[in-house]
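Here is the structure we will look at, set down as structure tokens.
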Amino acid sequence: MKKLIQKFRYRKMILAVADAFIVAISALLVNFLLSNWGKGLGVSDLRISMAVSVCCCGACLMLAGAYNKLWRYFNVKDYLSCVYGVVAGVTAACLLVYIIRGDVPVIYAVLHGGIIVIGICLFRYIFKQTFIELTACGKVEAVYKRTMIIGAGEATDMLIREIFNTRESRAVNDASYDPVCIIDDDTAKIGTAVQGVPVVGTTDELLKYTEQMQIQQIIFSIPSCLDDERQRILDICAKANLPVKVMPFISELIFEENTLLGQMHDIKVEDLLGREPIKFDNQDIRAFISGKVCMVTGGGGSIGSELVRQIAKYDPKQIIIVDIYENNAYDIQQEMKMEYGDDLDLVTLIASVRDYFRMNQIMERYKPEIVFHAAAHKHVPLMEVSPMEAIKNNVVGTFNVASLAQFHNVQKFVMISTDKAVNPTNVMGASKRCCEMIIQYLSQEKDGVTEFVTTRFGNVLGSNGSVIPLFKREIEQGKPVTVTHPDIIRYFMTIPEAVSLVMEAAAIAHGGEIFVLDMGKPVRIVALAENLIRMYGKQPYTDIPIVFTGLRPGEKIKEELLMDEEGLQKTQNKLIFIGRQIEIDDTTFIQALRRLRDAALKNDEATAVWALHEIVPTFTTPEEFNKKVLMMA
């Protein structure tokens, strides 16, 4: 059987030979029929007609594309290419025979062409069915799931046709969809059908029809749907407790075999955040990055590596990746080499921002013009257990890199901060607030040409330590989903958004600003967990329990993006604001910072944490902060 299947790899050759045979046999058959009426051709004329017809029909079928079709998807339009090829071939053959012999009976030409068309199309149909049967041998029969499709537009029309084509080909992996009904909010479409699938009602009736029609899965097939409407519909889908897949934008599809169904993806948590993705002015960023030497500390991390990817798109003179963790640095290095090869001047260095002399050596040698400082310890509970590491890496490391950037006349220094720096309740957040103050202090000094800027944003989806991958692992392993507190809320953004903010801030900054992103409405973590469970087709608290484990050390119930003293100033991007910097007393700040550094280097934890409280007066305990939040709620 395998040998038979392998032979079908030569189907083009088989088809060409079969077509030639059909053309020749058709000539004999027509001549036999006409001979009974006394209108047949002589032996010599018949031979010439057969030879010319075989050549002309073969050439015209090839030009018409009759040998370039995937038989798994052969349809009416493709059969038409055979008809066009035969008509053109027979016409050309008649003209040539007329030139050679001087006479071609019209009845012979018509009958010959008609029988060839029937023979070639019939052979292709039989060939297709045989090919499918042979290639389907050994496959498990597909189990089609009753599917509801949301949206009755062009995307759905294309999707249903692809489902039916794939089902006909018996490609089990991609054909597990049985379109039962369509939901659309355009009431004029209700009662109509798309490729035979009825439009039964609106999204408000979605739950009713999922129950009535015993739906097993839902496809969201409105790629261009506005964000608010998308969230509303997906919230309804979540209540159905069924798996949901999302149709991508048509422009994102690559039309090869099975790609339409193959690019259907499971619901993304980003779809439930209720905020349109933020767009940035690429021209500003390109003008800023192009031709510059850019250094990224923490360049192997989730934010740092995305910075490297985006910087590379804007034709930099050179990118310098600095990271202490060699595995991450290696991964992004290899990715960039694969993507750009020798077109990108990339330097990857293993170094710690804590090491002042090593960082000085790097800046002296490579002379970066722009520094993106993404290196930091960011995991709150871990830093509560090891506070000295947060202070050494975040505070001392930031002071080293920023002060050296000023000494070496770096044009722009961009520090990546976090909403946990606002009214911090943990060492990590307090250390990042201290980093912001270092940047503000150096900016106030105006000693040199360096412009310093801070970017502040909330939780990043998909980053190392993000709650979303944890939830997905727990659900996929059938374990309870763990949430720290039922009232905990967070602001979220995607990694590309976070990095685009950093790039935009770097492009438009003049020095001394804190850039804050309008991140929309905060998200309740328990609601995020519930929706994610539903998107896996499970019922929260029944199929997958949600367990509240209690707030972790140093964790807030609610994060903030601005301190009380900070106001907001608009920028040219309506979703980016500038927080007003708080003036820093130079002498007091430097003395306290020195005490903090000395205590950290001695691993004197009590003195270091006390010094951190001295530098960051808003640093409080999580118990005090959370009590205040719950009272206000």
Between [atom1] of [X] and [atom2] of [Y], what distance do you get to the nearest 0.5 Å?
X	Y	atom1	atom2	result
Arg286	Met503	CZ	CE	10.0 Å
Glu211	Leu206	CD	CG	12.0 Å
Met336	Asp343	CE	CG	12.5 Å
Leu346	Ile319	CG	CD1	6.0 Å
Thr348	Ile321	OG1	CD1	4.0 Å
Ile222	Thr156	CD1	OG1	7.5 Å

In the structure I gave you, are the side-chain heavy atoms of [X] and [Y] within less than 4.5 Å of one another anywhere?
X	Y	answer
Val117	Cys82	no
Ile219	Met148	no
Glu504	Ile285	yes
Cys237	Ile150	yes
Pro316	Leu344	yes
Val296	Ile320	no
Val180	Ile149	no
Cys57	Ile116	yes

Does [X] reach the main-chain N or O of [Y] with its side chain, forming a donor-acceptor pair under 3.5 Å?
X	Y	result
Asp323	Ala329	no
His112	Leu28	no
Thr210	Leu207	yes
Ser290	Ala287	no

What heavy-atom pair brings [X] and [Y] nearest, and what distance separates the two atoms?
X	Y	result
Ser221	Leu159	OG-CD2, 4.3 Å
Gly85	Cys60	O-CB, 3.2 Å
Pro179	Val197	CB-CG2, 3.7 Å
Ala152	Val199	CB-CG2, 4.0 Å
Pro540	Ile533	N-CG2, 3.8 Å
Val499	Ile303	CG2-O, 3.7 Å

If the condition is salt bridge (charged side-chain N to carboxylate O under 4.0 Å, His left out), which residues does [X] pass it with, not counting sequence neighbours?
X	value
Lys208	Glu205
Arg161	Asp157
Asp345	none
Asp342	none

Step by step, work out the side chain to side chain contact (heavy atoms under 4.5 Å, CB included) result for Lys245 and Ile218.
CA-CA 6 Å; Lys245 292 187 179 293; Ile218 299 172; over 6 Å; no
Quick one: list whatever passes side chain to side chain contact (heavy atoms under 4.5 Å, CB included) with [X], sequence neighbours left out.
X	answer
Ala506	Phe288, Phe372, Val414
Cys94	Val90, Val104, Ala109
Gln214	Arg146
Ala238	Asn531, Arg534, Met535

Tell me whether the count of non-hydrogen atoms from other residues, nucleotides or ligands lying under 6.0 Å of [atom1] in [X] goes above 12.
X	atom1	value
Tyr330	OH	no
Glu335	CD	yes
Phe21	CZ	no
Gln477	CD	yes

Could you list the residues that satisfy side-chain hydrogen bond (donor to acceptor under 3.5 Å, both in side chains) with [X], not counting sequence neighbours?
X	answer
Tyr209	none
Thr147	Gln217
Asp331	none
Asn327	Tyr325

Steps toward side chain to side chain contact (heavy atoms under 4.5 Å, CB included) verdict (Ile215, Cys181):
CA-CA 9 Å; Ile215 299 302; Cys181 65; 4.1 Å; yes
Assess whether a salt bridge exists between Arg232 and Asp185, defined as any Lys/Arg side-chain N lying under 4.0 Å from an Asp/Glu carboxylate O.
yes
Tell me whether Arg309 is salt-bridged to Glu339, with the criterion being a basic N under 4.0 Å from an acidic carboxylate O.
no
Go through the steps for Thr202 and Asp184 under the test side chain to side chain contact (heavy atoms under 4.5 Å, CB included), then give the verdict.
CA-CA 5 Å; Thr202 65; Asp184 197 288; over 6 Å; no
Apply the test side chain to side chain contact (heavy atoms under 4.5 Å, CB included) to residues Asn328 and Ile332: give CA-CA distance (whole Å), side-chain angles for both, the deciding distance (0.1 Å), then the verdict.
CA-CA 6 Å; Asn328 282 350; Ile332 186 62; over 6 Å; no
